[in-house]
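By convention here, the first residue in the shown sequence is residue 1. Start at 1 and go down the list; that is how both ligands and their atoms are numbered.
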Amino acid sequence: MNLILLGAPGAGKGTQAEVVCEKLNIPAISTGNIIRAAVKEGTEMGVKAKSYIDSGALVPDDVIIGIIKERLAEPDCQNGFILDGVPRTVAQAEALETMGVRIDKVVDIEVADEKIIERLSGRRVCSACGASYHTAFKPSSQPDKCDRCGGALIIRKDDEPATVLERLKVYHELTEPLIDFYRQRGKLVVVEGQEEIADTTALLMKALEA
Ligand code: AP5
Ligand code: MG
């Protein structure tokens, strides 16, 4: 199964990708996580990407296309993959087609903008493995410590309210057109994001079976 998760920032792409990749036994690939790791390591790409990510802008398409080409060539992608947060522009989607990457389904997780603010203001992420938590909706068992790897939980810099608004604006302008792009190709399924994380997962798994 080659899957794309679409949705606004904070819609729950990363949260669902973490669960679904275990159920389907395929890797989840988050360009956001790959870029944040590069920023942390201070690689050339990380240094270039930092100012975009911090301001809520998109990282240039050529950088993203390079990242994804390299990642999809790794052996663990042979039996399928989940793309979380990529493609995010029509140019990126077209680049995947040009690369000959087969996509089976594109799941659009729909969540209203008002909910997004609430979700992102309480999000905590693991500084080591990137796992995502929420102070109210998905708390870690020990405060500020990752359940999965024990890493320290931090607040993402781009989760500041002003940056969230900018990310939402960018989403509506540049990423939302992908909904029609994949609908026209008969790949799109829409899942209404639910209040409970597990309820969204149940709808998503059902949508994948259909
Ligand atoms: P990226 O890391 O992909 O950020 P994003 O798309 O803004 O998405 P988020 O990670 O913020 O949200 P999510 O949908 O994963 O939500 P989550 O599951 O955490 O990208 C960051 C930046 O990198 C971009 O701004 C850009 O600069 C750059 N970039 C990355 N990819 C790029 C690309 N392809 N092209 C160009 N630039 C790129 O959930 C959010 C919170 O809500 C969590 O706290 C979670 O616990 C909680 N939650 C989840 N589901 C529920 C639920 N059902 N009920 C209650 N709470 C919930
Ligand atoms: Mg994410």
*Near Phe137 CZ, under 6.0 Å, is it more than 12 heavy atoms from other residues, nucleotides or ligands?*
yes
*asked:* For Leu153 versus Lys145, what's the shortest heavy-atom pair and its separation?
replied: CG-N, 3.6 Å
*asked:* For ligand 1 and Arg124, I'd like to know whether there is a polar contact (N/O to N/O, distance under 3.5 Å).
replied: no
*Is the shortest heavy-atom distance from the side chain of Asn2 to the side chain of Phe81 under 4.5 Å?*
yes
*asked:* So, 4.0 Å and heavy atoms of Arg36: is ligand 1 close enough to count as a contact?
replied: yes
*For Lys187, does the NZ atom have more than 12 heavy-atom neighbours from other residues, nucleotides or ligands under 6.0 Å away?*
yes
Would you tabulate the side-chain donor-acceptor contacts of residues 35-42 under 3.5 Å, counting partners in other chains and residues two or more places apart, or write 'none'?
{"residue": "Arg36", "atom": "NH2", "partner": "Asn33", "partner atom": "OD1", "Å": "2.8"}
{"residue": "Lys40", "atom": "NZ", "partner": "Ser127", "partner atom": "O", "Å": "2.5"}

*Who gets closest to atom 25 (O) of ligand 1 by heavy atom: Pro9, Gly122, Gly32, Ala57?*
Ala57
*Do Val59 and ligand 1 have an N or O pair less than 3.5 Å apart?*
yes
*Tell me, please, whether Phe181 has Arg185 positioned over its six-membered ring: NZ or CZ under 6.0 Å from the ring centre and within 45 degrees of its axis?*
yes
Under 3.5 Å, which donor-acceptor pairs do the side chains of residues 66-75 form with other protein atoms, sequence neighbours left out?
{"residue": "Arg71", "atom": "NH1", "partner": "Glu74", "partner atom": "OE1", "Å": "3.4"}
{"residue": "Arg71", "atom": "NH1", "partner": "Asp76", "partner atom": "OD1", "Å": "2.9"}
{"residue": "Arg71", "atom": "NH2", "partner": "Asp76", "partner atom": "OD2", "Å": "2.8"}

*asked:* List ligand 1 atoms under 4.0 Å from Val86, heavy atoms only on the residue side.
replied: 34 (N)
_Atoms in ligand 1 with a heavy atom of Gln92 nearer than 4.0 Å_ = 33 (C), 34 (N), 35 (N), 36 (C)
*Nearest neighbour of atom 12 (O) of ligand 1 from the list Ser51, Gly10, Gly7, Gly12, on a heavy-atom basis*: Gly10
*Between Glu166, Arg156, Arg167, flag the one that comes closest to atom 21 (C) of ligand 1 by a heavy atom.*
Arg156
*Ala49 near ligand 1, heavy-atom distance under 4.0 Å?*
no
*Return a yes/no value for Thr31: is any of its N or O atoms, backbone included, closer than 3.5 angstrom to an N or O of ligand 1?*
yes
*Take atom CG of Asp199 as the centre, draw a 6.0 Å sphere, and report whether it contains more than 12 heavy atoms from other residues, nucleotides or ligands.*
yes
*The one among Ile197, Thr135, Thr200 that brings a heavy atom closest to atom 51 (C) of ligand 1*: Ile197
*May I ask whether Glu18 has any heavy atom positioned less than 4.0 angstrom from an atom of ligand 1?*
no
*Any salt bridge between Asp113 and Lys169, counting N to O under 4.0 Å?*
no
*If you measure from each non-hydrogen atom of Gln194 to ligand 1, which part falls under 4.0 Å: side chain, backbone, both or neither?*
backbone
*Quick check: does Gln16 get an N/O under 3.5 Å from an N/O on ligand 1?*
no
